[in-house]
Engineer: 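Got a structure for you, written out below as structure tokens; questions coming shortly.
Just so we're clear, the structure is a prediction, and the values are computed from it rather than from any experiment. No hydrogens, no waters, no symmetry mates; every other heavy atom, side chains included, goes into these values.
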Amino acid sequence: MARPTSMAARRELGEELRRLRGERRGAEVAGLLGWSESKLSRIETARTGISQDDLERLLRELGVPPGESARLRELAGRGRERVWWAPYRSSVANRYDEFVALEAEAAGICEWEAQVVPGLLQTDEYAHAVIEVGADVTDPEVLQRRTALRMARQSVLTREPPPSLCVVLDESALHRQVGGRAVLRRQLQRLYDASQRPGIELRVLPFSAGAHAALGEAFVIFEFAEGQAPVVHSEDLMGGQLRTRDTDVAVYRDAFADLRSRALSVGATRELVARTGDGLR
């Protein structure tokens, strides 16, 4: 069996530690260790890794037998391994770091975007224009590093095996001149080319579709192999939030199914993207 990757290892470790805590309150366990309750929560929800010393103290407090401890130590070590995007971490918030980790390890990605082309399909000049208007971007160096990270993220689509990617994109994104007319034209060409790649399903939700289940919110559903639970990332001005509760994930899955059913077919989407791009020449 393949070893879990860093984020998968952190998630598995967190789930095991939560199980081992049993009925004991998080605040009680954290207090006995001299931690804040939020620190323990971040470890159990895989928002952060755990140092070797902290893990040993937690295992002792939970009374974990030696046989189980070895496996948990191995998972913690995997969770601390350096990831490819580490050089970019100083330019992004912790929540974005989690997003990249999930994206890098997902087996399937379903994304709804109402305003702009999704990051995995953006050109560098389009990405630069999107990031540049961010409320927290004032340093040109941060802008360049965030753009470089977004471009580097796209390598997930060429890894082996690549994730399946299903995107539903609102028609308005085909017309919003992010970066200007020429930038949008080249972006639409990139979209057209991407729509012909194996493993990528692109559908446009036309204006004629009217109201739908995801008005006012963009989101991504990450699906994982080997029985790992899916995670939803919903977007907002502060970078978004992750949702893992089964009931929450079900709501977003249903919303995405609704969007996909209302969207144009893959072929009709490709024709619309090409026609819109030709109109910009």
Side-chain angles (χ1 to χ4, degrees), residues 1-20 42-50 55 68 70-86 88 94-113 118-121 149-150 152-168 194-195 197-203 218-235 240-257 259-260 266:
M1 180 181 298
R3 294 198 305 167
T5 49
S6 58
M7 176 54 78
R10 275 166 49 178
R11 295 179 70 201
E12 186 174 344
L13 174 65
E15 289 168 1
E16 285 298 301
L17 292 173
R18 177 65 188 86
R19 178 185 64 80
L20 290 165
R42 289 195 301 272
I43 293 168
E44 290 183 347
T45 57
R47 298 293 179 88
T48 186
I50 184 171
L55 178 65
E68 279 192 84
R71 170 62 176 160
L72 298 179
R73 291 188 186 99
E74 192 271 338
L75 288 173
R78 290 287 294 165
R80 289 191 296 270
E81 289 184 357
R82 183 178 174 85
V83 290
W84 67 261
W85 62 91
Y88 302 98
N94 289 338
R95 281 176 291 185
Y96 191 75
D97 183 81
E98 296 170 54
F99 176 89
V100 176
L102 292 166
E103 181 182 74
E105 299 180 359
I109 302 172
C110 295
E111 182 163 2
W112 155 246
E113 180 55 68
L120 290 179
L121 302 178
L149 172 57
R150 185 162 300 183
R153 281 172 44 208
Q154 296 180 2
S155 64
V156 72
L157 297 178
T158 57
R159 75 174 192 219
E160 287 298 331
S164 62
L165 175 63
C166 181
V167 172
V168 179
S195 72
R197 292 168 56 182
I200 296 179
E201 177 183 321
L202 174 66
R203 295 175 182 266
F219 61 86
V220 185
I221 305 171
F222 295 113
E223 305 279 358
F224 300 92
E226 300 178 358
Q228 297 177 56
V231 177
V232 172
H233 178 271
S234 56
E235 190 71 26
Q241 59 180 308
L242 299 176
R243 304 176 189 273
T244 57
R245 288 172 48 187
D246 291 345
T247 52
D248 291 348
V249 172
V251 169
Y252 283 90
R253 278 179 165 162
D254 288 346
F256 191 81
L259 291 163
R260 190 169 178 269
V266 170

Engineer: So which atom in F99 and which in R153 form the shortest heavy-atom distance, rounded to 0.1 Å?
Structural biologist: CE2-NH2, 3.6 Å
Engineer: Using the rule side-chain contact (heavy atoms from CB on, under 4.5 Å), only one of L202, V167, L121 pairs with S195; which is it?
Structural biologist: L202
Engineer: Could you give the distance from CG (L120) to CZ (R150), rounded to the nearest 0.5 Å?
Structural biologist: 9.5 Å
Engineer: Can we say R71 and E68 salt-bridge, meaning some charged N sits less than 4.0 Å from an Asp/Glu carboxylate O?
Structural biologist: no
Engineer: If the threshold is 4.0 Å, N to carboxylate O, is there a salt bridge linking E12 and R78?
Structural biologist: no
Engineer: Which atoms form the tightest heavy-atom contact between I50 and L13, and what is the distance?
Structural biologist: CG2-CD2, 3.8 Å
Engineer: If you measure from CD1 on I109 to SG on C166, what distance do you get to the nearest 0.5 Å?
Structural biologist: 11.0 Å
Engineer: Between atom CZ of R10 and atom OG1 of T48, what is the distance when rounded to the nearest 0.5 Å?
Structural biologist: 6.0 Å
Engineer: Output, in order, the C-alpha distance, side-chain angles, deciding distance and verdict of side-chain contact (heavy atoms from CB on, under 4.5 Å) for V266 and R203.
Structural biologist: CA-CA 5 Å; V266 170; R203 295 175 182 266; 4.1 Å; yes
Engineer: Would you sort out whether V156 and L165 count as a side-chain contact (heavy atoms from CB on, under 4.5 Å), showing the intermediate values?
Structural biologist: CA-CA 10 Å; V156 72; L165 175 63; over 6 Å; no
Engineer: Quick check for you: to the nearest 0.5 Å, what is the distance between L242 atom CG and S234 atom OG?
Structural biologist: 8.0 Å
Engineer: Grab the two heavy atoms, one from P230 and one from E223, that are nearest each other, plus how far apart they are.
Structural biologist: CB-OE1, 3.5 Å
Engineer: Ring of F219, cation from R243 - is the NZ or CZ under 6.0 Å from the centre and inside 45° of the axis?
Structural biologist: no
Engineer: Can you name the closest pair of heavy atoms from L55 and A76 and give their distance?
Structural biologist: CD2-CB, 3.6 Å
Engineer: Do you know the tightest heavy-atom contact between A106 and F222?
Structural biologist: CB-CD2, 3.9 Å
Engineer: Using the rule given for side-chain contact (heavy atoms from CB on, under 4.5 Å), can you reason through L102 versus V220, listing the C-alpha separation, both sets of side-chain angles and the distance that settles it, and then say yes or no?
Structural biologist: CA-CA 11 Å; L102 292 166; V220 185; over 6 Å; no
Engineer: Enter the distance from Q228:CD to R11:CZ here, rounded to the nearest 0.5 Å.
Structural biologist: 5.5 Å
Engineer: Is E98 paired with R42 through a side-chain N to carboxylate O contact shorter than 4.0 Å?
Structural biologist: no
Engineer: When you measure from the side chain of R159 to the backbone of A104, do you find a donor-acceptor pair of N or O atoms at a distance under 3.5 Å?
Structural biologist: yes
Engineer: I'd like to know whether R18 forms a salt bridge (Lys or Arg N to Asp or Glu O under 4.0 Å) with E15, so could you lay out the CA-CA distance, the side-chain angles of the two residues, the decisive distance to 0.1 Å, and finally the verdict.
Structural biologist: CA-CA 5 Å; R18 177 65 188 86; E15 289 168 1; over 6 Å; no
Engineer: Does a side-chain N-to-carboxylate-O contact under 4.0 Å join R19 and E16?
Structural biologist: yes
Engineer: Minimum heavy-atom separation for A225 and A107, please, with both atom names.
Structural biologist: N-CB, 3.9 Å
